[in-house]
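Each remark here refers to the structure printed beneath this line.
Computed from a predicted structure; not experimentally measured. Whatever order the structure lists ligands and atoms in, that order sets their numbers, starting from 1.
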Amino acid sequence: MTDIRLFDSHCHVNFGHFSEDRDAVFVRMAEQGVEGCVVVAVELAHVPELLTLAEARDNVWFSVGVHPNHDVGANEGEPTVDALCALADHPRCVAIGETGMDFFREHVAPEIQEARFRTHIRAAKAVHKPVIVHDREADEACMRILRDEGVDVCGGIMHCFSSDWDTASQAIDLGMSISFSGNVTFKRNDALRAVAARVPDDLLMVETDSPYLAPVPNRGKRNEPAYVRHVAECIAEVRGVSLAELALQTTENSQRRFRI
Ligand SMILES: [Zn+2]
């Protein structure tokens, strides 16, 4: 077990789902060889608690951003490049996001999502940190905006990748990393596993997106960083490599991308 080195590139362990047993979650994470994780922001009000988590543990980092579906309301207002840059100016902040486009839920109007997404990419370029992209049924818009804003300057991660090979290859051409979560283990997702089998070695990452999307065999339960091992096992199998090799590769890819 100790020879496995894993990294959870995207989780939300600050959420209330973990308020009863957060310390135990970090213990189980270490027991499964998960040597680090990035706790990803979905709204700016969460940044202080992310910072506290990261400062308390030397294997936890955080990001700064506003989810495309977060309703900012009148008081909060849309994030600005300056506000994102100011909050991201901390050694434990390793990325901007999560941002992107979500046409599945559309709690926020598409034109507002697009403006917000562009703001995040501009901030990421300004602070030289990668951008974490959420793409839900919005492949064309995401790729158009990433290309248009010149994301290759800061780089980024397609998080919880759930699209087809055409979209993956466009993202790869932009130098983006492709991160897979628990849905790659779901029985019906043969097409997604086929995409995971084709991503270049140096751009492949794994994540939990916990508390959501727990991988098989824990599907339907609360997810947690320790379960990234199941995601890695599934992808190792379709790529025909050992778990140890896949784990090390994705860990090195995450650490390089986040400049850890
Ligand atoms: Zn997320």
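The Zn ion (ligand 1) lies closest to atom OE2 when only the N/O/S atoms of Glu98 are considered.
The aromatic rings of His10 and His12 sit perpendicular to each other, their planes meeting at more than 60°, with 30° as the lower class boundary.
Taking the six-membered ring for Trp and the full ring otherwise, the centers of Phe117 and His120 sit at least 6.0 Å from each other.
A donor and an acceptor atom, one from each side chain of Ser9 and Ser179, are located under 3.5 Å apart.
The Zn ion (ligand 1) is the vertex of the angle joining NE2 of His12 and OD1 of Asp209, which measures 90° to the nearest 10°.
Because the distance cut-off is set at 2.8 Å, Cys11 fails to qualify as a neighbour of the Zn ion (ligand 1), as none of its N, O or S atoms comes that close. Look at His67 and the Zn ion (ligand 1): no N/O/S atom of the residue is under 2.8 Å from the metal.
For the pairing with His134, the side chain to side chain contact (heavy atoms under 4.5 Å, CB included) check across Pro68, Cys142, Cys160 returns one residue only, Pro68.
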